[in-house]
Amino acid sequence: MDQHFQVRIRSVFSYAVRLVDMYTRGAPFRSSLSARLANHPQVPVCKGDGWYIFTDLPDGIYTLSISSREYMDHSMSFSVITGSTSYTESIIYLQPSPAYPFQAGDSLVRGRACVEDGSPAGGAYVQAVISYERDAPVRLAEGADKEATELIVASKKGQVDLADAFLLETPTCKGTIIRFASPPKGRVYPLTEPLSFAYPRGTVLLPLLETHCDDRGEFVVALPLFLEKTHARMNIEVRREEAAGFAELSIQAGTTQSIGIIQMNRPK
């Protein structure tokens, strides 16, 4: 007589991370994507929509390394404590690399950064700030005091995405980079950090786009879709350690613009 046994294997949830394409705000391309722990052999389970799940990890601190041809490399650390009720998932926004499969008609700015001896500035941080000639899509609907922990925002683009970063700046107020901590309640957006300065009603939130140079010093900045019909300029700053370089250009929607080489220099 044959005997049949039913075996149930239970796994204990350890950590979950969602990878998001910063340009499309959807799941990333998976053709060349690798998500691996630097100090553990376990391979995560991909659950779709960019979610990667780790189970049965021993207690400890782990480093997750993400590499892909289409995106800039990214790494993060997280801890696992058995039985902990603390936050056990996160979202990582992946920045497109120069090899990203953009489509015809996407609005792009491409460039290359070099240090003083002409060698590529691999890994250099790239920050692009967009300023407007008119029709700024996002403004403060109410003034904000110093140390404010939330902003009341008026946006023509609809709800502002939590992945977006902005620069608050007026002729009389120093610039402050802001990020939103959680979804808004109406038009009220909580900030990740309190404001360092006060800003009046109508202050424009200048979109701040961030990426890095690849090993060849090349970078690409992809303009958000809501800027396509906006008259604006872009100021680009490239930094690595103490060296910095700058460029400025007018935005042309639906085109790929090349700004050539940005020479980075150390302060004298």
Side-chain angles (χ1 to χ4, degrees), residues 8-103 106 108 110 113 120-128 161-165 179-183 192 208-225 239-240:
R8 293 183 178 180
I9 300 176
R10 293 185 177 181
S11 294
V12 177
F13 170 81
S14 297
Y15 196 78
V17 60
R18 185 187 180 197
L19 306 183
V20 178
D21 184 312
M22 186 66 182
Y23 185 59
T24 66
R25 305 300 166 92
F29 295 102
R30 293 176 55 190
S31 59
S32 65
L33 192 148
S34 172
R36 297 289 186 270
L37 295 177
N39 47 352
H40 195 277
Q42 185 183 134
V43 177
V45 176
C46 181
K47 291 291 188 179
D49 199 26
W51 281 103
Y52 288 77
I53 311 298
F54 292 94
T55 59
D56 301 320
L57 290 176
D59 288 3
I61 299 175
Y62 297 87
T63 299
L64 175 63
S65 298
I66 300 160
S67 60
S68 169
R69 179 176 180 274
E70 293 85 4
Y71 303 97
M72 303 304 298
D73 291 349
H74 189 97
S75 64
M76 62 162 292
S77 296
F78 64 90
S79 60
V80 173
I81 303 175
T82 303
S84 172
T85 58
S86 62
Y87 192 66
T88 54
E89 61 184 42
S90 63
I91 297 177
I92 296 176
Y93 292 96
L94 299 178
Q95 299 286 352
S97 75
Y100 185 93
F102 291 104
Q103 302 297 312
D106 288 346
L108 310 174
R110 293 184 180 272
Y125 169 70
V126 181
Q127 175 182 287
D161 197 298
L162 295 184
D164 293 332
R179 305 175 196 276
F180 298 118
S182 60
T192 55
L208 187 148
L209 311 176
E210 300 168 293
T211 187
H212 289 81
C213 296
D214 65 12
D215 292 341
R216 297 171 295 184
E218 296 179 1
F219 65 87
V220 59
V221 177
L223 276 63
L225 298 178
R239 287 190 175 277
R240 193 178 72 176

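The closest side-chain heavy-atom distance from D73 to I66 is not below 4.5 Å. Counting heavy atoms from C-beta on, the side chains of P98 and E218 come closer than 4.5 Å. Looking at heavy atoms from C-beta onward, P96 lies in side-chain contact with F102 at the 4.5 angstrom threshold. Annotation: side chain of Y52 is not in contact with side chain of V45 (no heavy-atom distance under 4.5 Å).
At least one donor-acceptor pair closer than 3.5 Å links the side chain of R18 to the backbone N or O of D49. No donor-acceptor distance shorter than 3.5 angstrom exists from the side chain of R110 to the backbone of V221, with no hydrogens or angles considered. Side-chain atoms of S97 come within 3.5 Å of backbone atoms of R69 as a donor-acceptor pair (strictly under, hydrogens ignored).
One distance of note links OG1 of T63 with CE of M76; it measures 9.0 Å at 0.5 Å rounding. Between atom OG of residue S68 and atom NE2 of residue H74 there is a gap of 13.5 Å, rounded to the nearest 0.5 Å. Atom-to-atom distance recorded for I61:CD1 and S77:OG is 7.5 Å, nearest 0.5 angstrom. Interatomic distance, D21 CG to F29 CZ, rounded to the nearest 0.5 Å: 6.5 Å. Once rounded to the nearest 0.5 Å, the distance linking OG of S14 with NE2 of H40 reads 8.5 Å. Between L64 atom CG and I92 atom CD1 the span is 5.5 Å, to the nearest 0.5 Å.
Just one residue in the list V220, L223, D106 forms a side chain to side chain contact (heavy atoms under 4.5 Å, CB included) with Y23, and that residue is D106.
A side-chain donor-acceptor contact under 3.5 Å links S32 and E70.
Among residues two or more places apart in sequence or in another chain, the side chain to side chain contact (heavy atoms under 4.5 Å, CB included) test is passed with Q95 by M22, M72, T211. When the side chain to side chain contact (heavy atoms under 4.5 Å, CB included) test is applied to R179, the partners found at least two apart in sequence or on another chain are A165, I177, T192, E210.
Among all heavy-atom pairs drawn from L57 and Q42, the shortest one is CD2-NE2, 3.4 Å. Nearest heavy atoms, P28 versus L94: CB-CD1, 4.1 Å. Between C213 and A121, the shortest heavy-atom distance links the atoms CB-O, 3.4 Å. Closest approach of G217 to P120, counting heavy atoms only: N-CB, 3.7 Å. In this structure, W51 and S90 approach most closely via the heavy-atom pair CZ3-O, 4.3 Å.
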TODO: Start with the C-alpha distance between L208 and Q127, add both sets of side-chain angles, then the distance that settles side-chain contact (heavy atoms from CB on, under 4.5 Å), and finish with yes or no.
DONE: CA-CA 7 Å; L208 187 148; Q127 175 182 287; 3.8 Å; yes

Task: Test log, rule side-chain contact (heavy atoms from CB on, under 4.5 Å), inputs F219 and D214 - done: CA-CA 6 Å; F219 65 87; D214 65 12; over 6 Å; no

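Proximity of the aromatic rings of F54 and Y15 is defined here by a centroid distance below 6.0 angstrom, and this criterion is not met.
Within 6.0 Å of CZ in R30 there are 12 or fewer heavy atoms belonging to other residues, nucleotides or ligands.
Under a 4.0 Å N-O distance rule, the pair D164/R25 qualifies as a salt bridge.
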